[in-house]
Structures are given as structure tokens and as C-alpha cells.
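To start, the structure under review is shown below, and the notes come after it.
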Amino acid sequence: MPSALILLADGTEEMEFTITYDTFVRAGIQTQSVFVPNLANNQTAGSVSPPAAKGSRGINIMPDMFFDASACSPDKYDALVIPGGAKGAETMSKSSEVQGLVKAFIEQKKYVGMICAGSLAALTSGLPKQPLTSHPGVKDKLVNDFDYSEEPVVVSGTLVTSRSLCLSESPLIPGTTFPFALTMRKEVHGPMVFPAGTPW
């Protein structure tokens with residue numbers, strides 16, 4: 001059974017995290033959420049009992065475990081996902097341990113998914129120039145170092161990036177989280193096969 005890690009920090013966008021996590025579980029991907037502490041704010045690292053992460057909309061999400069690079073290595077998992085949410089993406093992209101993990105997954109040809117501002121981790125991890133997309137709000141930070149695309153989801157080798165939950169000023173306009181999660185599912189676990197007679 002394929003397996004995946006989805007990182008989580010204070011300020012992570014709740015739907016980008018939850019939709020991806022739920023899609024993976026329904027697809028039969030063994031999924032673990034991992035809390036990345038903000039060391040600049042003196043959050044404790046290495047605890048066996050992580051606190052609830054407070055999402056970008058104030059919703060508390062209980063992660064499965066605290067971030068520990070040795071327990072999150074690509075020899076144990078097939079995919080790594082970094083969701084957006086400005087504050088959470090900043091915490092994760094600035095973490096040297098997360099940067100090392102991103103590079104290790106890519107080097108071992110394991111999948112790395114980044115959505116919204118989570119794509120900043122491609123820059124801070126020093127990934128080579130390649131096709132990529134992100135939330136429009138962080139485009140200026142990425143456009144010079146990557147082949148920036150306006151496509152909803154971009155696949156470049158084992159790097160999968162996506163735009164954001166919402167692509168307009170209205171939070172009611174659907175974004176790219178479902179296409180991102182389904183693309184990641186296809187890359188990690190193959191195309192979805194529905195039983196004969198499935199009405200949709």
C-alpha cells in the first residue's frame with residue numbers, strides 16, 4: 001500500500017490539508033499528518049504528543065505526529081505534501097529539516113506535492129529550475145527561479161504543484177485543491193478504477 005506524509009503547521013489552509021488527506025485515505029494511500037513547529041516562536045520540537053495546529057481560518061486540526069526527519073524519510077513514504085496557507089507555508093518553507101526532506105524525496109524519485117504558498121518550499125529547498133505553479137500571491141518570489149505556469153496543476157517529474165484553494169477575491173469560487181489531490185493520487189497510486197456500474 002502506498003504511503004504519504006502531509007505536513008501541517010499553525011496557519012496551514014484547512015481545506016488544502018483536509019481535502020488532500022481525505023482524498024488519499026479514500027484512495028487507499030496510508031496517510032500521516034505531521035506537525036512542523038515554528039521554532040522561531042519557541043514551539044517545542046520532537047514531542048510525542050503534538051499540539052493541535054491552528055489553521056488559517058482558526059480551525060484546530062490534531063496531527064498524527066510531530067515532525068522528526070528520521071521518521072519521515074523517503075525510504076518510509078512514497079509522497080510528501082506541503083499545503084498552503086501563508087503562515088503555515090512560511091514555517092514549513094523556512095525549516096531546514098523540511099528543506100532537507102524535500103530534497104531527499106526528489107532525489108529518491110518520490111513524489112512531492114506543493115499547493116498554494118507551499119510552493120515556496122521548492123525555492124527554499126534549492127530545487128532546480130523546472131515547471132511550477134503556486135498561489136498568485138507568491139508568484140513574484142518564484143517566477144525568476146522556475147518556469148512559472150498559470151496552469152491549475154503542474155507535474156514536473158515527481159514534483160506536483162498547484163495554484164490555491166481560491167483563485168479570486170471570493171472564497172466561494174472553487175480553486176484547485178481537488179484537482180491537485182486527484183493528480184497526486186494518480187501519480188502515487190495509479191489511475192482510479194471504478195467498479196462496473198458506478199453511476200458517475
Side-chain angles (χ1 to χ4, degrees), residues 2-9 12-13 15-21 23-24 27 29 31 34 36 56 72-74 77-168 173-192:
S3 58
L5 291 171
I6 303 181
L7 303 187
L8 179 65
T12 291
E13 210 298 317
M15 289 183 71
E16 291 169 1
F17 168 83
T18 306
I19 289 169
T20 305
Y21 195 113
T23 300
F24 283 10
I29 299 171
T31 306
V34 182
V36 178
S56 62
C72 298
S73 63
Y77 294 92
D78 301 299
L80 171 69
V81 175
I82 301 175
K87 183 180 172 189
E90 180 181 21
T91 295
M92 292 183 267
S93 66
K94 287 184 174 180
S95 165
S96 60
E97 289 189 313
V98 170
Q99 294 164 12
L101 196 62
V102 168
K103 287 188 273 195
F105 269 74
I106 293 291
E107 287 167 2
Q108 293 195 29
K109 302 198 182 318
K110 299 291 183 86
Y111 287 94
V112 176
M114 301 174 180
I115 184 168
C116 192
S119 294
L120 288 172
L123 178 66
T124 59
S125 299
L127 297 187
K129 188 167 190 170
Q130 60 191 296
L132 170 145
T133 193
S134 71
H135 186 281
V138 298
K139 174 182 177 178
D140 289 347
K141 296 179 181 179
L142 299 167
V143 71
N144 292 328
D145 294 283
F146 295 93
D147 296 323
Y148 196 86
S149 172
E150 303 287 347
E151 291 296 315
V153 180
V154 174
V155 179
S156 175
T158 59
L159 178 65
V160 180
T161 55
S162 189
R163 304 276 285 161
S164 66
L165 175 65
C166 299
L167 293 178
S168 76
I173 304 299
T176 64
T177 306
F178 276 111
F180 167 77
L182 292 169
T183 300
M184 282 293 296
R185 184 258 181 247
K186 179 182 175 185
E187 296 296 324
V188 173
H189 199 28
M192 294 184 90

(request) To the nearest 0.5 Å, tell me how far Tyr111 OH sits from Arg185 CZ. (result) 12.5 Å
(request) Quick one: pull up CD1 in Ile82 and CG in Leu8 and give me the separation to the nearest 0.5 Å. (result) 12.0 Å
(message) Would you say that Pro136 contacts Glu150 through its side chain, given a criterion of any heavy-atom pair below 4.5 Å between the two side chains?
(response) no
(request) Work out which heavy atom in His189 is nearest to a heavy atom in Ala27; give both atom names and the distance. (result) CD2-O, 3.0 Å
(message) Contact between Glu90 and Leu120 at the side-chain level, heavy atoms closer than 4.5 Å - yes or no?
(response) no
(request) Could you check Met15 against Thr177 for side-chain contact (heavy atoms from CB on, under 4.5 Å), going step by step and ending with a plain yes or no? (result) CA-CA 8 Å; Met15 289 183 71; Thr177 306; 5.6 Å; no
(message) Tell me whether Thr12 contacts the main-chain N or O of Ala9 through its side chain, where contact means a donor paired with an acceptor under 3.5 Å.
(response) yes
(request) Any chance you could measure Phe178, atom CZ, to Ile19, atom CD1, to the nearest 0.5 Å? (result) 4.0 Å
(message) Once rounded to the nearest 0.5 Å, what's the spacing between atom CG of Leu80 and atom CG of Leu159?
(response) 10.5 Å
(request) Would you check if the side chain of Lys110 reaches a backbone N or O of Tyr77 as a donor-acceptor pair within less than 3.5 Å? (result) yes
(request) Return yes if some donor-acceptor pair links the side-chain N/O of Gln130 with the main-chain N/O of Pro128 below 3.5 Å, else return no. (result) yes
(request) For residues Leu132 and Tyr148, determine if any side-chain heavy atom of one lies less than 4.5 Å from a side-chain heavy atom of the other. (result) yes
(request) Check whether any side-chain heavy atom of Phe24 sits under 4.5 Å from a side-chain heavy atom of Pro2, and report yes or no. (result) no
(request) Mind checking the OG1-NE2 spacing from Thr176 to His135? Nearest 0.5 Å is all I need. (result) 9.5 Å
(message) For a 4.5 angstrom cut-off between non-hydrogen side-chain atoms, does Cys72 reach Val34?
(response) yes
(message) Quick one, Phe180 with Val81, criterion side-chain contact (heavy atoms from CB on, under 4.5 Å). Give me CA distance, side-chain angles, the key distance, then yes/no.
(response) CA-CA 11 Å; Phe180 167 77; Val81 175; 4.0 Å; yes
(request) Answer yes or no: is there a side-chain heavy-atom contact under 4.5 Å between Glu13 and Pro83? (result) no
(request) For residues Ala79 and Met184, report the shortest heavy-atom separation together with the two atoms involved. (result) CB-CE, 4.2 Å
(request) Determine whether Val155 and Glu187 make a side-chain contact, defined as any pair of heavy atoms from C-beta on separated by less than 4.5 Å. (result) yes
(request) Please indicate whether Lys109 has more than 12 foreign heavy atoms, meaning atoms of other residues, nucleotides or ligands, lying under 6.0 Å from its NZ. (result) no
(message) For a 4.5 angstrom cut-off between non-hydrogen side-chain atoms, does Phe105 reach Thr158?
(response) no
(message) Can you confirm whether the side chains of Thr124 and Ser93 place a donor and an acceptor under 3.5 Å from each other?
(response) no
(request) Would you confirm whether Asp78, through its side chain, and Ser3, through its main-chain N or O, come within 3.5 Å as a donor-acceptor pair? (result) yes
(message) Any side-chain to backbone donor/acceptor pair from Ser95 onto Thr91? Under 3.5 Å, distance only.
(response) no
(message) If you count every heavy atom of other residues, nucleotides or ligands that lies below 6.0 Å from Lys94 atom NZ, does the total exceed 12?
(response) no
(message) Consider side chain to side chain contact (heavy atoms under 4.5 Å, CB included). Of Thr133, Ile115, Val153, which one does Thr161 pass it with?
(response) Thr133
(request) Please check if the side chain of Ser134 supplies one atom and the backbone of Cys116 the other of a donor-acceptor pair under 3.5 Å. (result) no
(request) Might you point out which heavy atoms bring Ser162 and Ser119 nearest each other, and give the distance in Å? (result) O-OG, 4.4 Å
(request) Ignoring hydrogens and angles, tell me if any N or O in the side chain of Glu16 forms a donor-acceptor pair with the backbone of Gly84 under 3.5 Å. (result) yes
(message) Within this structure, what is the CG-CE distance for the pair Leu127 and Met114, rounded to the nearest 0.5 Å?
(response) 5.5 Å
(request) Locate the shortest heavy-atom distance separating Asp145 from Lys141; write the atom from each residue and the value. (result) OD2-O, 4.2 Å
